[in-house]
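Structure record follows, encoded as structure tokens.
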There are 2 protein chains.
Amino acid sequence: MKQRRRTLKNRGYAASCRIKRIEQKDELESEKTQEYRDMEAMQEDNNRMREEIESWHSKYQALKKFAQDKKIIIPPDLETM
Amino acid sequence: MKQRRRTLKNRGYAASCRIKRIEQKDELESEKTQEYRDMEAMQEDNNRMREEIESWHSKYQALKKFAQDKKIIIPPDLETM
DNA sequence: GTGATTAGTGAGCAT
DNA sequence: ATGCTCACTAATCAC
């Protein structure tokens with residue numbers, strides 16, 4: 001009688017244990033997926049900033065070229081800054 | 001005799017199954033850790049580029065201010081580009 | 001038939 | 001005593 005109860009409880013414990021294992025695996029996978037999404041977003045930011053760098057760089061170079069064409073002397077600290 | 005062999009083999013299969021489960025979990029965790037490392041590296045790139053943007057932006061502004069101080073007229077397409 | 005996986009069982013650990 | 005986890009077993013699935 002007593003052993004029987006124990007056996008039935010064990011059955012339940014085993015089931016809990018298996019469910020728990022699956023949940024933990026799912027959780028891991030979710031976290032991994034989320035990290036991947038974050039990484040994609042960051043990559044986009046990254047590309048956006050790369051473009052912005054090139055944009056400002058071009059603007060700077062264009063101004064400098066304009067000065068050179070006009071024979072305007074630019075102070076060295078602005079030239080090479 | 002035959003059932004005995006089957007049972008022994010099953011014992012082995014069950015062991016393989018358990019090992020496989022553990023390996024897959026480890027693999028998942030490794031991937032997650034690696035993604036985290038990649039993310040940190042990307043974050044650094046990100047910060048570096050943010051600085052570079054600010055750097056070129058400053059250089060551009062400095063040139064523009066120099067021009068204004070010198071009363072140099074800058075073509076609109078360079079001014080607002 | 002062989003290998004893999006699942007649920008159930010008892011053993012053993014931890015509380 | 002209770003809950004959890006492990007290894008083992010039989011049942012079952014997939015090939």
Side-chain angles (χ1 to χ4, degrees), chain A residues 1-65 77-81, chain B residues 1-65 77-81:
Chain A
M1 307 295 125
K2 204 163 152 192
Q3 179 55 24
R4 177 68 182 155
R5 290 188 193 287
R6 175 65 167 164
T7 296
L8 285 177
K9 286 197 171 182
N10 275 337
R11 190 182 306 175
Y13 300 148
S16 305
C17 190
R18 276 161 194 146
I19 290 171
K20 180 180 179 184
R21 194 162 55 210
I22 293 171
E23 283 176 345
Q24 285 175 338
K25 192 183 117 195
D26 289 351
E27 193 182 347
L28 261 175
E29 278 168 352
S30 301
E31 288 169 358
K32 193 164 156 269
T33 302
Q34 186 55 49
E35 270 186 358
Y36 184 72
R37 289 206 196 95
D38 292 350
M39 205 131 84
E40 279 186 326
M42 209 183 282
Q43 183 67 54
E44 282 176 29
D45 254 36
N46 220 297
N47 294 334
R48 192 182 47 69
M49 286 199 283
R50 208 179 301 282
E51 287 170 16
E52 202 173 343
I53 288 171
E54 182 46 32
S55 171
W56 284 115
H57 180 67
S58 299
K59 290 171 184 174
Y60 173 75
Q61 297 296 349
L63 267 194
K64 231 169 74 174
K65 182 169 187 309
D77 63 321
L78 294 187
E79 176 86 42
T80 61
M81 175 178 62
Chain B
M1 307 296 127
K2 204 161 150 193
Q3 178 55 25
R4 176 68 182 156
R5 291 189 193 285
R6 176 65 168 165
T7 297
L8 285 177
K9 285 196 171 180
N10 276 338
R11 189 182 305 174
Y13 301 147
S16 306
C17 192
R18 267 175 264 135
I19 291 172
K20 180 180 179 182
R21 195 191 300 139
I22 292 171
E23 283 176 344
Q24 285 175 338
K25 192 183 117 196
D26 288 352
E27 193 181 348
L28 220 61
E29 278 168 352
S30 300
E31 288 169 358
K32 193 164 156 269
T33 302
Q34 186 54 47
E35 269 185 359
Y36 184 72
R37 288 205 197 96
D38 293 350
M39 205 132 84
E40 279 185 326
M42 209 183 283
Q43 183 66 55
E44 282 176 27
D45 254 36
N46 221 299
N47 293 335
R48 192 180 48 68
M49 287 199 284
R50 208 179 300 281
E51 288 170 14
E52 202 172 342
I53 288 171
E54 182 47 33
S55 171
W56 284 114
H57 181 68
S58 299
K59 290 171 184 173
Y60 173 76
Q61 297 295 350
L63 267 194
K64 232 169 73 173
K65 182 170 188 307
D77 62 322
L78 293 187
E79 176 84 43
T80 62
M81 172 179 64

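These numbers come from the heavy atoms of this one structure, side chains and all, not from hydrogens, waters or symmetry mates. Letters go in sequence order (proteins before strands), and every chain restarts at 1.
- Proximity of B:Gln3 to the phosphate of D:dA10: a side-chain N or O atom is located under 4.0 Å from OP1 or OP2.
- Within the model, atoms CG of B:Asp38 and CG of B:Asp45 stand 11.5 Å from one another, a figure rounded to the nearest 0.5 Å.
- Rounded to an integer number of Å, the gap from NZ of A:Lys9 to P of C:dG8 is 17 Å.
- Straight-line distance from the CZ atom of A:Arg21 to the P atom of C:dT5: 12 Å, rounded to whole Å.
- In terms of polar N and O atoms assigned as donor or acceptor, the side chain of A:Arg11 never comes within less than 3.5 Å of the base of C:dG10 in a complementary pairing.
- A heavy-atom distance below 4.5 Å is not found between the side chains of B:Gln34 and B:Glu31.
- Atom NZ of B:Lys20 is separated from atom P of C:dG3 by 14 Å (rounded to the nearest Å).
- With hydrogens and angles left out, the side chain of B:Arg4 and the base of D:dT9 share no donor-acceptor pair within 3.5 Å.
- Atom CG in B:Asn10 sits about 15 Å away from atom P in D:dC13, given to the nearest Å.
- Counting all heavy atoms, side chain and backbone alike, A:Lys64 lies closest to B:Leu63 at N-CD1, 4.0 Å.
- On a pure distance criterion of 3.5 Å, no polar donor-acceptor pair joins the side chain of B:Arg5 and the base of C:dG1.
- Salt bridge annotation for B:Arg48-B:Glu52: present, with a cationic side-chain nitrogen under 4.0 angstrom from a carboxylate oxygen.
- Rounded to an integer number of Å, the gap from B:Leu8 CG to D:dC8 P is 10 Å.
- With rounding to whole Å, A:Ile19 atom CD1 is found 13 Å from C:dT6 atom C1'.
- Taking 4.0 angstrom as the limit, B:Ser16 places none of its side-chain polar atoms (N or O) nearer than this to OP1 or OP2 of C:dG3.
- One interatomic measurement links the two molecules: OH of B:Tyr13 to C1' of C:dT6, which rounds to 16 Å at whole-angstrom precision.
- For the atom pair CD1 of A:Ile53 and CZ of B:Arg50, the computed distance is 10.5 Å after rounding to the nearest 0.5 Å.
- The side chain of B:Arg18 has D:dA7 as its nearest neighbour among C:dG3, D:dA7, D:dT5.
- Rounded to whole Å, atom C1' of D:dA10 lies 17 Å from atom NZ of B:Lys2.
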